[in-house]
There are 4 protein chains.
Amino acid sequence: MSQEKMEQLLEHATRLFQERGFRATSLEEIAEAIGIQKPSLYHYIASKEELLFLVMSRTIADYNAKLRAIVESDRSPVAKLEQAVRQHITLQLEQPGTVTLFRDTPYLTGDRKEAIRRDLKVYRDLLQTILREGVEAGELDVPDPAVTTLFILGALNFVHRWYRRDGRKTIPEIAGYYADLVRRALVRR
Amino acid sequence: MSQEKMEQLLEHATRLFQERGFRATSLEEIAEAIGIQKPSLYHYIASKEELLFLVMSRTIADYNAKLRAIVESDRSPVAKLEQAVRQHITLQLEQPGTVTLFRDTPYLTGDRKEAIRRDLKVYRDLLQTILREGVEAGELDVPDPAVTTLFILGALNFVHRWYRRDGRKTIPEIAGYYADLVRRALVRR
Amino acid sequence: MSQEKMEQLLEHATRLFQERGFRATSLEEIAEAIGIQKPSLYHYIASKEELLFLVMSRTIADYNAKLRAIVESDRSPVAKLEQAVRQHITLQLEQPGTVTLFRDTPYLTGDRKEAIRRDLKVYRDLLQTILREGVEAGELDVPDPAVTTLFILGALNFVHRWYRRDGRKTIPEIAGYYADLVRRALVRR
Amino acid sequence: MSQEKMEQLLEHATRLFQERGFRATSLEEIAEAIGIQKPSLYHYIASKEELLFLVMSRTIADYNAKLRAIVESDRSPVAKLEQAVRQHITLQLEQPGTVTLFRDTPYLTGDRKEAIRRDLKVYRDLLQTILREGVEAGELDVPDPAVTTLFILGALNFVHRWYRRDGRKTIPEIAGYYADLVRRALVRR
DNA sequence: AATGAATGAGCCTTCATTCAT
DNA sequence: AATGAATGAAGGCTCATTCAT
């Protein structure tokens with residue numbers, strides 16, 4: 001199996017799932033995008049669902065690695081939190097595949113669903129770790145870190161729904177504004 | 001057209017669209033849920049898209065009416081904000097339909113799409129009004145009310161994705177916790 | 001059964017069958033045209049096919065009566081022929097229902113099909129009678145009256161397919177031109 | 001795409017559209033006729049309408065090519081006219097497809113409708129050319145070539161409706177008889 | 001590695017017709 | 001005489017998947 005074609009396949013599938021959603025994207029379209037016939041896809045993937053899984057896997061792995069880097073850095077908890085928020089929004093708005101993550105998870109089944117759920121939990125746990133560190137360091141006031149994490153992620157993940165490239169604020173501005181809101185909601189006073 | 005059957009139809013459609021999404025719900029399933037044959041649905045609706053529109057219309061109308069009541073009450077802006085957050089979460093977790101509202105809008109076309117978009121904008125504007133009042137009253141510090149509104153709605157609309165009836169927190173507890181986070185993020189210090 | 005409603009029904013059905021064809025006209029549309037609900041039609045007719053039959057019956061009966069009047073008049077055969085041609089074209093272009101006759105006959109079945117076929121044969125026979133009289137009178141040269149009749153009817157029945165109300169020729173002009181062509185093709189020299 | 005199956009498909013579609021009309025022929029029947037399942041048809045065609053278009057296109061192209069050959073031959077106008085009439089009738093009775101051509105055009109839309117209309121106009125124009133040449137050569141007396149062309153085509157296209165293989169006249173006999181009628185209607189005296 | 005051909009399952013929709021009221 | 005409600009049958013079309021080549 002050509003490594004290069006597989007790469008292409010994942011890139012185009014990511015983009016198409018992102019743009020139209022999993023159900024509304026047909027294998028026909030994906031095949032056409034990479035210049036092969038529909039049945040040839042089955043040399044690279046076992047099923048459409050597996051393709052979704054692969055796309056999600058890659059995307060979340062990237063998110064996790066990048067968040068882990070922040071967590072393991074030696075900044076202060078508040079700085080890490082700000083960094084995490086900025087990065088999440090930037091990834092979401094600049095990199096395709098993220099939306100698929102939030103929206104099409106229900107189309108996975110069985111082990112694959114579990115695997116992605118585990119990966120998503122890892123991300124939540126990393127974020128939560130920052131919150132706990134902040135509390136321990138006396139910088140943050142977070143009575144329920146788990147729920148607070150979900151609060152933050154909800155706010156962050158919605159950004160792609162209203163962001164317009166030609167809008168009033170740039171991506172860094174949005175990222176900064178959100179980081180500020182999160183900080184204010186959490187810092188000890 | 002039997003009012004009662006229509007009511008049933010809308011309720012079941014709301015629930016199914018909520019649970020599985022518009023595309024993944026077949027008219028067959030909806031028909032079965034209310035105990036009629038698939039073609040009989042066309043006595044009540046003109047198309048599947050119209051059904052989605054009706055479901056969305058009703059839900060958003062309810063949300064708008066209830067938020068308007070808060071806006072027009074004579075509480076302080078901060079009290080209104082807290083009330084609005086609590087109510088939004090309660091509606092979302094106690095009655096189905098909310099998700100459909102925010103996820104399946106792309107499946108509407110033409111005038112129907114516009115109508116729902118307008119209705120959704122009304123809700124955002126109502127919430128934004130509270131923020132502006134808060135700023136004017138010197139209670140809140142909100143540099144960008146529009147983006148802040150979207151921040152809040154993102155956080156709120158995500159709740160249904162992780163809420164479990166048998167979870168650690170009750171609905172009022174979640175609502176209270178969220179109201180607190182929002183308040184802290186926005187109040188002037 | 002109200003005689004008046006039945007009349008309305010036939011008129012609207014005639015017009016709609018004419019305009020869109022039998023298959024492309026739904027009972028829904030017919031019912032709407034006369035201001036009743038679809039199932040109410042069944043108080044007036046036994047089936048859609050019967051409705052087609054009634055429409056055709058009326059139309060062909062009218063054609064037959066009018067052609068018979070010409071045949072039984074005491075003009076010369078050539079004059080009758082010219083009259084017949086003019087009248088056929090005029091009826092076709094001015095009166096709805098005629099097209100249905102030529103186009104939708106295949107949708108009839110059983111006895112009704114036979115009945116209409118018989119009526120259409122009567123028309124052909126009447127026209128053929130004129131030809132035979134012309135031959136006997138030494139005015140026309142028609143080796144095969146049956147086939148010649150079909151030649152003429154083919155030419156005549158096609159007129160509705162290309163006639164445009166705002167076209168270059170008026171109905172009487174077309175009728176006159178056609179009568180001329182037929183006369184020239186048949187008269188003994 | 002197997003050339004052979006495509007050929008079969010077009011042949012059976014032509015025959016069925018001819019026998020029952022476009023609307024009354026289902027893709028199911030066509031698929032069955034060539035021994036495949038209904039959805040498999042979509043390997044060969046994009047829609048039912050496209051199939052109608054292909055059938056019509058082929059047929060009219062054949063008619064046009066053959067009439068053009070006559071027009072461009074170096075016979076006398078009267079001889080060309082006779083040849084054209086004979087050929088039209090022969091094509092019509094020996095190979096299916098002609099009716100579809102003239103009856104089901106309304107079911108085409110957009111560009112396809114225009115294309116077929118243009119092709120049909122080409123045929124009429126070719127026939128008209130013969131008439132004009134005849135007038136210029138002083139052989140024919142045709143005051144209005146356009147309407148006369150439609151007169152002739154009407155007569156000719158009706159033949160398939162009454163022709164029976166076991167009838168009184170053979171195809172060449174009918175063709176000859178029709179050619180005679182047309183000639184007599186048009187020649188200068 | 002690739003694909004032409006085919007398909008089973010399913011989808012939304014149309015419509016003539018029935019029937020209890 | 002009228003109709004609200006319902007439906008069986010059918011239709012065109014989509015699509016993930018299989019398989020022989």
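Here is the naming used below: chain letters follow the sequence lines, and residue numbers restart at 1 for every chain.
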Hey, which of these two, His43(D) or Ser40(A), hits DNA chain E nearer its 5' end, going by closest nucleotide? Ser40(A)

Name the residue closer to the 5' end of DNA chain E, choosing between Lys38(D) and Ser47(B) according to the nucleotide with the nearest heavy atom. Lys38(D)

Give a yes/no verdict on a cation-pi contact between Lys48(D) and Phe22(D), requiring under 6.0 Å between NZ or CZ and the six-membered ring centre and an angle within 45° of the axis. yes

What is the separation between atom [atom1] on [X] and atom [atom2] on [N], rounded to the nearest whole Å?
{"X": "Lys48(D)", "N": "dG11(F)", "atom1": "NZ", "atom2": "P", "answer": "8 Å"}
{"X": "Gln37(D)", "N": "dA9(E)", "atom1": "CD", "atom2": "P", "answer": "11 Å"}
{"X": "Tyr42(B)", "N": "dC15(E)", "atom1": "OH", "atom2": "P", "answer": "12 Å"}
{"X": "Ile36(B)", "N": "dG4(F)", "atom1": "CD1", "atom2": "P", "answer": "16 Å"}
{"X": "Glu32(D)", "N": "dG11(F)", "atom1": "CD", "atom2": "P", "answer": "11 Å"}
{"X": "Leu27(B)", "N": "dA6(F)", "atom1": "CG", "atom2": "C1'", "answer": "16 Å"}
{"X": "Ile30(D)", "N": "dC13(F)", "atom1": "CD1", "atom2": "P", "answer": "11 Å"}
{"X": "Arg23(D)", "N": "dA10(F)", "atom1": "CZ", "atom2": "C1'", "answer": "13 Å"}

If only side-chain N and O atoms of Lys5(C) are considered, is one of them under 4.0 Å from the OP1 or OP2 phosphate oxygen of dA2(F)? yes

Is Tyr44(B) near enough to dA6(F) that one of its side-chain N or O atoms lies under 4.0 angstrom from OP1 or OP2? yes

In Watson-Crick or G-U wobble terms, both distances under 3.5 Å, what is the partner of dT17(E)? dA6(F)

Does any nucleotide pair with dT14(F) by Watson-Crick or G-U wobble geometry, both distances under 3.5 Å, and what is it? dA9(E)

Selection from dC12(E), dT7(F), dT3(F) that lies nearest to any side-chain heavy atom of Ser26(B): dC12(E)

Among the nucleotides dA6(F), dA9(E), dT3(F), whichever has the atom closest to the side chain of Pro39(D) is dA9(E)

Compare all side-chain heavy atoms of Gln92(D) with those of Tyr63(D) and state whether any distance is below 4.5 angstrom. yes

Quick one: do the Gln18(A) and Thr98(A) side chains pair a donor with an acceptor below 3.5 Å? no

Under 4.0 Å between a side-chain nitrogen and a carboxylate oxygen: does that hold for Glu7(C) and Arg58(C)? yes

The answer to which of Glu28(D) and Gln3(B) contacts DNA chain F further toward the 5' end, by nearest nucleotide, is Gln3(B)

Is a donor on one side and an acceptor on the other found under 3.5 Å between the side chain of Glu49(A) and the backbone of Thr109(A)? yes

